[in-house]
Amino acid sequence: MAGVSEDPKDPMSEAGQVPRGVRVVRGALAALSGLIAGLVALCVAELVSAAVRPEAGPVTAVGGAVIDRTPAAVKDFAVRNFGNDDKLVLQLGILALLALFAMAVGVASLRYRKVGPAAVLVFGAIGALAAVERPDGRVSDALPSVVGALVACAVLYLLAGRLAYRPSPDGDRGTDGAAADAAPVTPPGSFDRRGFVIAATAAAAVSAGAGVLGRRLNASGAAEAAASREAVALPAPSSTARPIPAGADLGVRGLSSFTTSNKDFYRVDTALVVPRVDANSWRLRIHGKGVSRPLTVSFQDLLRRELIERDITLTCVSNEVGGPYVGNARWIGVPLADLLAEAGVRPPSKGGPADQLVSRSVDGMTIGTPVDTVMDGRDAMLAVGMNGEPLPFDHGFPVRMVVPGLYGYVSACKWLEDLELTTFDDYDAYWVKRSWSREAPIKTQSRIDTPRPFASPKAGKVPVAGVAWAQHRGIERVEVRVDGGSWNPAKLAAEDSEDTWRQWLWEWPATSGSHTLEVRATDRDGNTQTDKRVGTVPNGATGWHSVVVAVD
Ligand SMILES: Nc1nc2c(c(=O)[nH]1)N[C@H]1C(S)=C(S)[C@@H](COP(=O)(O)O)O[C@H]1N2
Ligand SMILES: [Mo]
């Protein structure tokens, strides 16, 4: 691949004369130059992103752009297979691809000294475009990629020059300017080894420095946000949550606990960099159609209002039958309906002009919720607390929405900063643009937590247990059957509220052999889960969860 050309006028075309060994070494070093240029680009971009914002870094931007363009089915595949690691996999994938391209570009620039740097600029342009095109993109977001690419371009050009072959015997039958400068130290019949080592080492060192400094600066913004979170003292709610009834947690081994801890709570979002918002400078704007008194409130304003505390189970629309994206927490927040009423909002059922409440996050997510739903008396809230502490950054600090009964993508906006009243006709939110339904109440579902698939319990009494949810309707009944036989009523745990999931237990007189367990729930509206399996797109999966076990 390295520099084989028959054109005698091409200064690089010494193929015939370049000894094979030198050619191999130059090729390897050219690939290394590409890698170094790539490193330079990313590190310089990291430094510049500290001046712009961390999300504008090229890998994050390209990753975000990939997420924005991922079809619903592929996104679901990624969430299913990589779970909460999907973003790590995506970024490692981007880095691996980038490394391969960087090496190829390095090798190409050995022969075509301008092609490599030009390719670097193309990559920079991709990063810049990706950053600007994000839903929350600004023109300044292009800077990290552009500056990173320009510097990398110069570095690659310089390194490629050091690798230019200087034929013997006349050392200055030069390749071009840069290499000619180095002529005196270039031994005949080789290339500027010393110059290359010096330039490569300097580039690697300087870029590492820039990268570390960029990281530090980016982290210091995060540190201020962390300090603002540490300083939050959640006031006592004026309306406390009902105490969890003693029998709400059946305490069966292998069964999800009634309350999901913050650290175990599922996380689903498009953010490659978790937004770190400083609560002190945070503001929420409420505006739009029919808002007669637009409001801007600070975090302290919210804390001074009457707060409610409620147990509410969140569910992701991407949760497969039997899947893990459901969790129950104790939230503290400001009743959303009161705040909207203060802003002059009337729900459409009372003649208001706006039927959609669009919540926007600092990272550009948009989520559309029916105004009638948030104002129908349910405990829709702007949550500031989760399980007794300020919201964790992962879960939306300082403020997120929580609306009992609706899937997260139509209700649970994290890192909230703007509430706009509009209509469903006028505006499609982020996921609606990507083939998910406008409205999405949570479907009645049940899950077997124990035994696990392919477990091999001993014959005899085997506890079969799990959770069932039908938020804002409540769970009426859960039934289990074995091998398609008749349905057995499970024992239901005490109900906390209709907005929370409910544990259930059935003692199975298990006989040895392979068996299939199935579960179905019935909600308080009298609807029993259908056995018809549909996928998560466009508004949530249906079907019965089943588990196959081999009883000893
Ligand atoms: N800003 C922002 N908010 C968001 C999302 C997102 O991608 N960005 N994802 C939503 C989805 S799809 C779900 S299911 C819930 C998940 O909330 P959790 O991560 O706290 O469990 O957040 C919602 N809020
Ligand atoms: Mo979701």
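Read the numbers this way: they start at 1 and go in the same order the structure lists the ligands and their atoms. All values derive from a computational prediction rather than experimental measurement.
- Under the 4.0 angstrom criterion for non-hydrogen atoms, A271 is not in contact with ligand 1.
- Considering backbone and side-chain N/O atoms, R267 never comes within less than 3.5 Å of an N/O atom of ligand 1.
- Close contacts of ligand 1 with D363, meaning ligand atoms under 4.0 Å from a residue heavy atom, involve 1 (N).
- Near C316, meaning under 4.0 Å from one of its heavy atoms, ligand 1 places the atoms 14 (S).
- Geometrically, R434 engages Y430 in a cation-pi contact defined by less than 6.0 Å to the ring centre and at most 45° from the axis.
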E342/R305 under salt bridge (charged side-chain N to carboxylate O under 4.0 Å, His left out): CA gap, chis, key distance, verdict: CA-CA 12 Å; E342 251 177 66; R305 299 179 64 96; 2.6 Å; yes
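- Considering D136, T60, N218 as possible partners of R53, the one that fulfils the side chain to side chain donor-acceptor pair (under 3.5 Å) test is D136.
- In this structure a side-chain-to-backbone donor-acceptor pair under 3.5 Å is present from T313 to W501.
- Considering backbone and side-chain atoms together, K414 places an N or O closer than 3.5 Å to an N or O of ligand 1.
- In this structure, the protein non-hydrogen atom closest to atom 17 (O) of ligand 1 is R400 NH2, 2.9 Å.
- Summary of contacts: the protein heavy atom closest to atom 11 (C) of ligand 1 is V268 O, 3.7 Å.
- Taking the centre and axis of the six-membered ring of F393, the NZ or CZ atom of R276 falls inside the cone set by 45° and 6.0 Å.
- Residue-ligand proximity, S361 to ligand 1, at heavy-atom distances under 4.0 Å covers atoms 1 (N).
- For M401, the heavy-atom gap to ligand 1 stays at 4.0 angstrom or more.
- Proximity of V317 to ligand 1, defined as any heavy-atom pair under 4.0 Å, is not found for any part of the residue.
- For R293, the CZ atom is densely surrounded, since the number of other residues' heavy atoms within 6.0 Å is greater than 12.
- Residue-to-ligand polar distances place Y266 within reach of ligand 1: an N/O pair is separated by less than 3.5 Å.
- Screening L416, L307, V402, V297 for a side chain to side chain contact (heavy atoms under 4.5 Å, CB included) involving L382 leaves a single residue, L416.
- A cation-pi geometry, defined here as NZ or CZ lying under 6.0 Å from the six-membered ring centre and within 45° of its normal, does not hold between R330 and F265.
- With V399 as reference, L302 is the one residue of L302, V334, L284 to meet the side chain to side chain contact (heavy atoms under 4.5 Å, CB included) rule.
- Given atom 6 (C) of ligand 1, the protein heavy atom at minimum distance is D269 CB, 3.3 Å.
- Closest heavy-atom approach to atom 13 (C) of ligand 1 among the candidates S411, S359, G408, G327: G408.
- Donor-acceptor pairing under 3.5 Å is recorded for the side chains of T315 and Q471.
- Within the 4.0 Å heavy-atom cutoff, V362 does not count among the residues contacting ligand 1.
- Just one of K443, Q445, Q529 meets the side chain to side chain contact (heavy atoms under 4.5 Å, CB included) condition when paired with V321; it is Q445.
- By the criterion of a heavy-atom distance under 4.0 Å, the side chain of F265, and not its backbone, is placed next to ligand 1.
- Numbered from 1 in the order shown, with element, the atoms of ligand 1 that lie under 4.0 Å from a heavy atom of Y409 read 11 (C), 12 (S).
- At least one N or O atom of A412, backbone or side chain, sits closer than 3.5 Å to an N or O atom of ligand 1.
- Note: an N/O pair closer than 3.5 Å links H395 and ligand 1 by distance alone.
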